[in-house]
Structures are given as structure tokens and as C-alpha cells.
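What you see is a predicted model, and the numbers here were worked out from it, not measured in a lab. These numbers come from the heavy atoms of this one structure, side chains and all, not from hydrogens, waters or symmetry mates. Chain letters run A, B, ... following the sequence lines, proteins first and then strands; every chain starts at 1.
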Amino acid sequence: MQDAEIRQLPELVGQEVRIRGWLFNKRSSGKLQFLIVRDGTGFLQAVVFKAEVPEKVWADAESLGQESSFWVCGTVREDLRAPGGVELTVKELGIYQLCQDYPITPKEHGVAFLMDNRHLWLRSRRQHAIMRVRNELCFAIREFFYQRGFVLIDSPILTPAACEGTSTLFETDYFGEKAYLSQSGQLYLEPAAAAHGKVYCFGPTFRAEKSKTRRHLMEFWMVEPEVAWMRFPELLDLAEEFVSELVARVLDRCQEELKRLERDTSKLEPATKRPYPRIDYADAIATLQAKGFSVQFGDDFGGDEETALAHESGRPVMITRYPAHIKAFYMEPDPQDPTRALAVDVIAPEGYGEIIGGSERISSYELLEQRLREHNLPREAFQWYLDIRRYGAFPHSGFGMGIERVVAWLCGLDHVRETIPYPRMLYRLYP
RNA sequence: UCCGCAGUAGCUCAACGGUAGAGCGUCCGGCUGUUAACCGGAGGGUUGGGGGUUCGAGUCCCUCCUGCGGAGCCA
């Protein structure tokens, strides 16, 4: 008797196996019980014939409530009537634990209830599929960078000061000193770029903004490459290549999951093709004004504006050269027009919003020092950051991509809260 | 933080100001191929908390709490 995972069963037809898992659902028909078992790798219909098993096996099968844990032994058979095309004829059955009051039933539930039961909700088919897509995306990201010679540099989560000074930070006590949860690894990555050339970080980041929308979490994962000697045009190419490869990879390897999520994959196909439309900020403003938006040159875009800009092509859109004053202090000014920054936002189609923000970084010591003053940032706290412009200054660029928004886009979800196992949201820290 | 909507059985929802109900889940029974199986029965409620109007409040008013949707900010 061999142990098997459900996903392996199509290759094990005719053999006897043991499957361990949880009861997803059960249907019975007098002298016949259909146990739908899930083990994390798939779903299996296990069939118990009353006439062919000992009385105890039949009674044990009858006693199983939803999500009871148990094992079954039996023969794998091909059967077109079974979901998945393969089923198990049960010979033996053993119970690990019975339960009768699993809260998430096969009918509809509200968002609040499901979020309260997030630890159990993860077992459902839909959430299972989403986590698989996230897993594939994260692996693809690491492979993308590894193959191109980038070095993973983990940035710290506890930091002494604001990275960008603008967003609200989570504050904590650090042995009597104030410390903050990191909202970006970028500043720590720039020194590493001087050490390794091409680097990236990938980890959780924290924003204490009281935002309550479908695109925001308090804790989210960000991947941030930083590249020495890279100038703005090459940065745009990198971002474009990055996104298009990731989309193609997920489309290729997560067909089953995307089908389960009822994602219309034809809407993702255009994003696998390069180039992406590149729109100068000034042109974006003009486009929006023509559409009736009341934006002025110098304004940042809201969610509706972003959606309107990305709607056209079905591909992500790259908005470039934002006014410097609405962007972060470390962004390199455009040599053509110093009031503009060499910054780019990549906006996903279908209303999923900004997935990437990036820029060329200021490489001049004097200019960076001036920017720190203009933004009222404490010079002492940034001395180490200034050092990068003091000992071998170099042009460099990078961007950050929020994983959850990308997963939401790929899966076609209407809220990022389903893209991370345990979302941290305004007023929700449990479970 | 602001604007809007909603809290009724474990869950999803009904109920004109007039006897609180259904489906699912649970429990009991029936059915030899079910596909969110089906059929019969049982149990399950301080209608979010507090106050008010009324002969009478789940329903109307005030207030607080909780959740959802959106805005701002951002990835």
C-alpha cells in the first residue's frame, strides 16, 4: 500500500493507494456514499459501496462531517462520472478527527464572515487557486532576477527613520528608541547596488495610511530591483520586460487556477506583448482633460484617472516624467526640464491601478542634500544614504512592484484582501 | 478621517407599525452513481447595545458599536 497525493492519481490507475485529507463534501445514495476528499493537491471522489466494505467502514464514512480529517485506502479507477475523471473505490477508511460544525458551508457567505474565518477560508477552492497563482508569481520573480544576474539583498524591516518621509509609518519601541516598520527597501538597496551592480529585495512593507479601498493593505509585499549605471530609458525597458514575462509565465503555468477563478485570460494576453504604451505625464493630463476630468498639470492621479488612462490598450500603460514636486525626494530631475522627475508609474489595465512606481535616482551629493532640506528630512538619519553619493557616486535606477495588486489583476479579483494569506487592513488584524 | 449602505437562527436572506420565517449547515429517517445530489422530519432567536415615539417596534426617531462600499493617500 503506497501513500499518494491526489494530483498523482491519473498516473496510478489500477493501483491501490492511501490518500490522507479532509472531507470537502459528501453525497450519499442509500447503499452508496460519495466522499469528496481534498488533500491540498487536488480533489478526489472516493466511493464507498455498502455491500463491499465492512460495516464499520460504512458507519465511519457516514459519520464524517465537512472538513473531518481521515484516510482512505482503495483502488484507483478511471470513471468519467467522477469530477477529474479518476475516482477511488474505498476498501478501508480511518478517522483522524471528526467534526460537524465547520463554519464555511458549500453555500454563500458574506465578506465579513469569511474574513473572520480567513484561517479556514484558505481551504476553499477559490482561495487555494489564488495562493497558487501568488506562489507562481513569486517564484517567477525570483527566477527572472536570478537568470539576469541580480543578487537578492534583504532589506531591514525595522528602520530608524522614514524612507520617503511622506507616508505614515508604524512606530514601535526599540529598547527605548523609536523604530519604524519599513515602507520600502529601496534606500537600503542603493548601497547594495554599489556593491553588486544589479540587486533586488523582496519582502513585506508597511504603510500606516488609513486607506480603505480595494487596492490597499497595511502590510503588503514589494519586489524592488535597483541597478547600477542604469538610466531612465533602460529602466522603462526593464519594467516592461519584467511585467510581460511574469504575465506570460502565470498564463502558461496557472491555467487550471485561472480557469477555477473564471478569469478571462484573453484580457491578460495583450500584456505579454511588448512594448507597452508610454505616455508623457503632460500628454496624460491632456488626454484626461479631453475625457472631461478636472485634473490640472501638477496634480497626481486618482484611481478613476488611472483607470481611464489604462483602459485604452488592454496593456499596462507607463506614465513618465511626473512633476518633481509630487514625487519622492530621491528622484533624478529630467535634464530637459528640472521641474519634472525621471519617474515612471506602470498602471495595470481593467482598473487594477498602479502596480509599479520607479525612477532614476539622484546621484549628485549636493542635489540630494538640497532635496533633504526641501523635504525637511533629518540629515543625520540620512548620512549613510548621502555616503553613496560621496564615495563613488554613480547613476542608478530602480522600481518597486506591489505583489498583491499584480495577483489581483492576474486573478481578476475585485479586492487585494484575497491575494495575501492573512491580509492586514484598516480595522482588521484578526486572524 | 469624510460620504453612503447595512446589522434578524451557525451562514445567506425574508417579514405593510399588528402571531419572527425560508434555504443551506447540524441532528434523525429514506434512497445503489451522486455532481453545491434529492425526499421527509426535528432542533435552532434577548431581531448589534442603549434610549425614545406608539395601544403595539425587527420595522419610525436619537445615540453608540460593528461591518461593507467609495473618496483621499499610495504599491
Heavy atoms only, 4.0 Å cut-off, all strands: where does D345(A) land among base, sugar-phosphate and nothing?
nothing
Among rC31(B), rC73(B), rG67(B), which nucleotide sits nearest the side chain of A112(A)?
rG67(B)
Rounded to whole angstrom, note down the C1' distance from rA22(B) over to rG44(B).
14 Å
Between rC74(B), rU32(B), rU12(B), spot the one nearest the side chain of E108(A), thanks.
rU12(B)
Are R118(A) and Q127(A) close enough, and set up right, to give a side chain to side chain donor-acceptor pair (under 3.5 Å), and what steps lead you there?
CA-CA 10 Å; R118(A) 181 61 176 169; Q127(A) 300 307 312; 2.8 Å; yes
Among rU1(B), rC31(B), rG33(B), the one nearest any side-chain atom of K31(A) is rC31(B)
Tell me the interatomic distance from E418(A), atom CD, to rC68(B), atom C1', rounded to whole angstroms.
14 Å
May I ask which nucleotide in the shown strands pairs with rG29(B), Watson-Crick or G-U wobble, both distances under 3.5 Å?
rC39(B)
C1'-based separation of rU53(B) from rC73(B) [nearest Å]
44 Å
For nucleotides rG23(B) and rU63(B), find the distance between their P atoms and express it as a whole number of Å.
39 Å
Only pairs with both distances under 3.5 Å count, Watson-Crick or wobble alike; so what is the partner of rG18(B) in this structure?
rC55(B)
For rC24(B), which nucleotide in any strand shown is its Watson-Crick or wobble partner with both distances under 3.5 Å?
rG10(B)
Categorize T205(A) for me: base, sugar-phosphate, or nothing, with a 4.0 angstrom heavy-atom threshold over every strand shown.
nothing
Counting only side-chain heavy atoms from C-beta out, which of rU32(B), rG72(B), rA75(B) sits nearest to F220(A)?
rA75(B)
Mind checking whether F301(A) and Y281(A) have ring centres under 6.0 Å apart?
yes
Classify H216(A) by what it touches in the nucleic acid, base, sugar-phosphate, or nothing, heavy-atom distance under 4.0 Å.
base
Ignoring hydrogens and geometry beyond distance, is the side chain of Q45(A) in donor-acceptor contact with the base of rU34(B) at under 3.5 Å?
yes
T265(A) pairs by side-chain contact (heavy atoms from CB on, under 4.5 Å) with which of L251(A), V250(A), V247(A)?
L251(A)
Under a 3.5 Å cut-off for both distances, is rU34(B) Watson-Crick or wobble paired, and to whom?
none
Hey, is the side chain of R428(A) pairing donor to acceptor with the base of rC68(B) inside 3.5 Å?
no
Counting side-chain heavy atoms from C-beta on, which of rA75(B), rC24(B), rU1(B) comes nearest to L426(A)?
rU1(B)
Using a heavy-atom cut-off of 4.0 Å across all strands, would you classify K212(A) as base, sugar-phosphate, or nothing?
base
Options rA75(B), rU32(B), rG10(B), nucleotide nearest the side-chain atoms of L217(A)
rA75(B)
D300(A) CG to rC73(B) P, in whole Å, measures 7 Å
Can you tell whether the side chains of R260(A) and E257(A) come within less than 4.0 Å, N to carboxylate O?
no
Using heavy atoms to find the nearest nucleotide of RNA chain B for M425(A) and T213(A) separately, return the residue whose nucleotide is more 5′.
M425(A)
rU32(B) and rA6(B): how far apart are their P atoms, nearest whole angstrom?
49 Å
Touch class at under 4.0 angstrom, heavy-atom based, for P103(A) against every strand present:
nothing
What distance, rounded to whole Å, do you find between the two C1' atoms, one in rG25(B) and one in rG18(B)?
33 Å
Nucleotide rC11(B), atom P - distance to CH2 of W121(A) in whole Å
16 Å
Interatomic distance, K210(A) NZ vs rC3(B) P [rounded to whole Å]:
15 Å
Return the nucleotide paired to rC5(B): Watson-Crick means purine N1 to pyrimidine N3 with N6-O4 or O6-N4, wobble means G-U with N1-O2 and O6-N3, both under 3.5 Å.
rG67(B)
Distance check, C1' atoms only: rU59(B) and rA20(B), in whole angstrom units.
12 Å
Measure the distance from CZ on F206(A) to C1' on rA75(B) and round it to the nearest whole Å.
14 Å
Starting at atom CH2 of W58(A), determine the distance to atom C1' of rU32(B), rounded to an integer number of angstrom.
9 Å
Below 4.0 Å: OP1/OP2 of rG69(B) and any side-chain N or O of R215(A):
no
Check the orientation of F399(A) and F242(A). Use parallel for under 30°, tilted for 30 to 60°, and perpendicular for over 60°.
tilted
When the C1' atoms of rC60(B) and rC16(B) are considered, how many whole Å apart are they?
13 Å
Any donor-acceptor pair under 3.5 Å linking the side chain of R249(A) with the backbone of E136(A)?
no
Need one value for F113(A): base, sugar-phosphate or nothing, where a base atom within 4.0 Å counts as base even if backbone is also close, heavy atoms only.
sugar-phosphate
Measuring from the side chain of T105(A) (C-beta onward, heavy atoms only), which nucleotide among rC24(B), rU26(B), rC31(B) has the closest atom?
rC24(B)
Between rU34(B), rA71(B), rC31(B), spot the one nearest the side chain of F34(A), thanks.
rU34(B)
Check whether the ring centres of F150(A) and F144(A) lie less than 6.0 Å apart, and answer yes or no.
no
Using the six-membered ring for Trp and the full ring for Phe, Tyr or His, decide whether Y427(A) stacks on the six-membered base ring of rG67(B) (centres under 5.5 Å, planes under 30°).
no
Distance in angstrom units between R27(A) CZ and rC31(B) P, rounded
20 Å
In whole Å, measure the gap between the C1' atoms of rG7(B) and rG50(B) for me.
16 Å
Any N or O donor-acceptor pair linking the side chain of E87(A) to the base of rG33(B) at under 3.5 Å?
yes
Would you call the rings of Y385(A) and F382(A) parallel, tilted or perpendicular if under 30° counts as parallel and over 60° as perpendicular?
perpendicular
Considering every strand and a 4.0 Å limit on heavy-atom distances, what is the contact class for I356(A): base, sugar-phosphate, or nothing?
sugar-phosphate
Give one of base, sugar-phosphate or nothing for R417(A), where a contact means two heavy atoms less than 4.0 Å apart.
sugar-phosphate
Counting the atoms with a prime plus P, OP1 and OP2 as sugar-phosphate, which does R126(A) contact under 4.0 Å by heavy atoms, base, sugar-phosphate, or nothing?
nothing
Could you say whether G400(A) or H415(A) is positioned toward the 5' end of RNA chain B, judged by the nucleotide with the nearest heavy atom to each?
H415(A)
Short N-O contact, E354(A) and R405(A), less than 4.0 angstrom
no
Rounded to whole Å, please give me the gap between CZ in R118(A) and P in rG67(B).
17 Å
May I ask you to evaluate whether K107(A) reaches the phosphate of rC24(B), defined as a side-chain N or O under 4.0 Å from OP1 or OP2?
no
